[in-house]
Protein chains: 2
Amino acid sequence: MSGFQRYKKILDLFSEERSSWTVLEISKSLKTPSSTIYRIVREMVTAEFLESASGSYFRLGPAFIKFNRIIKFSDPLVRAGQPFLKKLANENPITSVNVLARLYGNNVMCVADYKSPSFKKNTSYQRGKLMPLIYGATSRAIIMQITGKRLEDLINLENFKSDEDKKNFLKDLKSDRKKGYCFTEGQVDKGLIGFAVSISNKKLGIEASLSSIFNLDDFLLEHEPIIYANLTTYGLLVEKYINEIFEDIQKYHHETNSIR
Amino acid sequence: MSGFQRYKKILDLFSEERSSWTVLEISKSLKTPSSTIYRIVREMVTAEFLESASGSYFRLGPAFIKFNRIIKFSDPLVRAGQPFLKKLANENPITSVNVLARLYGNNVMCVADYKSPSFKKNTSYQRGKLMPLIYGATSRAIIMQITGKRLEDLINLENFKSDEDKKNFLKDLKSDRKKGYCFTEGQVDKGLIGFAVSISNKKLGIEASLSSIFNLDDFLLEHEPIIYANLTTYGLLVEKYINEIFEDIQKYHHETNSIR
DNA sequence: GTAAAATTCTCATTTTATAAGAAATTCTAG
DNA sequence: CTAGAATTTCTTATAAAATGAGAATTTTAC
């Protein structure tokens with residue numbers, strides 16, 4: 001355990017299900033002497049990445065809330081896409097959850113979401129949540145823009161039920177790429193269906209998707225063209241705004257650099 | 001520069017105004033050789049605390065979104081208070097911004113906010129934003145629950161305009177403590193007024209506040225008792241829920257510990 | 001008030017980080 | 001496609017920092 005990993009391993013213990021740990025628990029879990037963990041935890045408390053709670057428990061610190069905010073207000077994808085999610089929800093013919101998601105390591109992470117107020121069911125798509133790479137339209141619209149060795153590497157890390165499954169997945173990917181959008185049914189949450197389009201910006205290294213999720217029960221075939229049209233329109237709009245934000249950033253850096 | 005500080009110093013460069021940096025810029029800014037920064041940045045990219053953007057720029061990584069989510073769904077204060085903010089907004093006699101805030105080092109940080117849809121002005125109170133310790137009702141309701149040496153230490157770090165100012169501040173603090181709530185006018189945002197009550201839980205180490213912010217123009221004296229009653233009621237309710245969450249956590253840890 | 005638990009401290013030893021420059025890779029403009 | 005520039009990684013001896021066992025101290029709980 002060295003470098004940043006030393007700290008990361010501790011942070012990775014914290015989850016929604018288990019959000020507070022004592023030093024002794026951490027020490028056992030990482031098989032590291034408690035005197036060492038005490039020192040590291042103290043450092044992280046100073047930096048506000050951890051904070052002490054009651055008992056002798058520690059939990060994630062407010063630094064995450066602060067940096068999350070900075071991302072929310074400066075990340076080009078979130079900045080460009082967030083404002084459109086509500087509009088998309090309002091224009092969809094039936095009640096929906098609308099999601100911006102992107103690649104995060106070997107998973108897909110939701111970075112912004114808007115649920116119509118009338119949408120009842122809980123979905124797995126909420127900001128900050130990791131999603132499987134190979135299930136759901138949201139994820140598929142992201143990987144369908146990746147090709148070659150990179151795609152191969154990503155796919156090889158996944159556990160397909162069978163070789164048959166893998167073949168089908170790759171075939172679907174191809175046809176979705178041609179169609180320009182994805183559709184899946186119940187792959188992530190039962191009773192829900194998803195439509196998605198790709199969002200990308202090479203210069204900014206953005207590989208993402210915009211998706212709308214509906215209750216299967218609400219859905220009629222006649223809705224499909226409207227859903228598709230909405231996603232396509234807003235998808236392009238988001239890409240356009242990402243570009244504008246990119247140019248702003250460039251201009252800003254140019255200015256700050258020339259001043260120096 | 002050693003330990004976690006090594007990493008923290010880099011992260012602290014990133015802000016809403018300046019959200020992407022090249023290695024060379026970081027290197028200059030921290031007066032550290034670029035070969036060192038390259039290594040550190042690479043580590044942080046692997047851990048997803050940074051990510052590479054276009055050009056040779058780096059920005060904050062998705063790890064913050066992930067951990068922020070875990071906090072949002074597990075932090076007792078946020079979990080207990082978040083659901084009441086909207087209710088509070090709806091029961092207030094005039095349009096409002098409603099905020100949960102807590103101590104964060106030597107500042108106050110907003111950890112949850114709900115703005116009535118009809119509230120026009122932008123306020124400084126948004127989740128993740130740091131606020132001054134000595135201005136605004138939101139902050140005052142937090143420090144008014146701190147006493148003795150701890151209070152002294154906190155206050156001594158602040159720059160008061162004059163000794164007179166400091167005296168007045170301490171006097172106001174005393175009288176607010178007696179009244180049980182705070183009121184300030186235009187200390188943070190011009191044209192806005194704030195009311196706040198304390199939220200605390202010793203066992204969980206929570207020193208926080210619940211506040212409602214209004215447009216001065218909308219406000220009539222007859223609103224005051226209603227505002228005060230709402231804040232007090234919801235403040236107590238939030239504290240009650242924090243307590244319940246605390247007991248849940250205790251039970252959970254008791255179970256998981258006895259299993260082992 | 002006291003025993004147990006939590007936390008900090010000490011220090012010899014091991015491990016890791018540092019930084020200068022070389023080497024390799026990636027980008028860019030023609 | 002290619003040369004040159006910019007970016008990034010690698011190599012290395014040396015300096016610096018982390019480790020962990022156990023003692024010492026502080027805090028907590030009853």
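Numbered from 1 within each chain, the chains take letters A, B, ... in sequence-line order. Fair warning: this is a prediction, and the values are worked out from it, not measured in the lab. For the numbers below, each heavy atom of this structure counts, side chains included, while hydrogens, waters and symmetry mates do not.
- The bend of the helix from C/dG1-D/dC30 to C/dG30-D/dC1, defined by the angle between the axes of its first five and last five pairs, stands at 80° to the nearest 10°.
- When rounded to the nearest whole Å, the span between CG of A/L24 and C1' of C/dT8 equals 14 Å.
- The CD1 atom of B/I37 sits 8 Å away from the P atom of C/dT18 (whole-angstrom rounding).
- Taking atom NZ of residue B/K9 and atom P of nucleotide C/dT18, one finds them 12 Å apart after rounding to whole Å.
- Checked for salt-bridge contact, A/E43 and B/K8 miss the test: no charged N lies under 4.0 Å from a carboxylate O.
- Ring geometry, B/F49 versus A/F4: the interplanar angle exceeds 60°, so the pair is classed perpendicular (tilted spans 30 to 60°).
- Look at OH on A/Y38: it is 6 Å from P on C/dA6, rounded to the nearest Å.
- Rounded to an integer number of Å, the gap from OH of B/Y57 to P of D/dT8 is 11 Å.
- The aromatic rings of A/F64 and B/F64 are tilted relative to each other, their planes meeting at an angle between 30° and 60°.
- Here A/D75 does not pair with A/R79 in a salt bridge; the nearest charged N to carboxylate O distance is not below 4.0 Å.
- Cation-pi check for B/R59 over B/Y57 is not met; the charged atom does not lie both under 6.0 angstrom from the ring centroid and within 45 degrees of its normal.
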Quick one: what's the B/S/- string for nucleotides 15-30 of chain D, heavy-atom cutoff under 4.0 Å, read 5' to 3'?
--SSBBBB--------
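- The phosphate of D/dT8 has neither OP1 nor OP2 within less than 4.0 Å of any side-chain N or O from B/R42.
- Under a 3.5 Å cut-off, the side chain of A/S74 and the backbone N or O of B/S19 do not form any donor-acceptor pair.
- Here the shortest heavy-atom pairing between B/T138 and B/A101 reads CG2-CB, 3.4 Å.
- Salt bridge B/K9/B/D12: absent, no basic N to carboxylate O contact under 4.0 Å.
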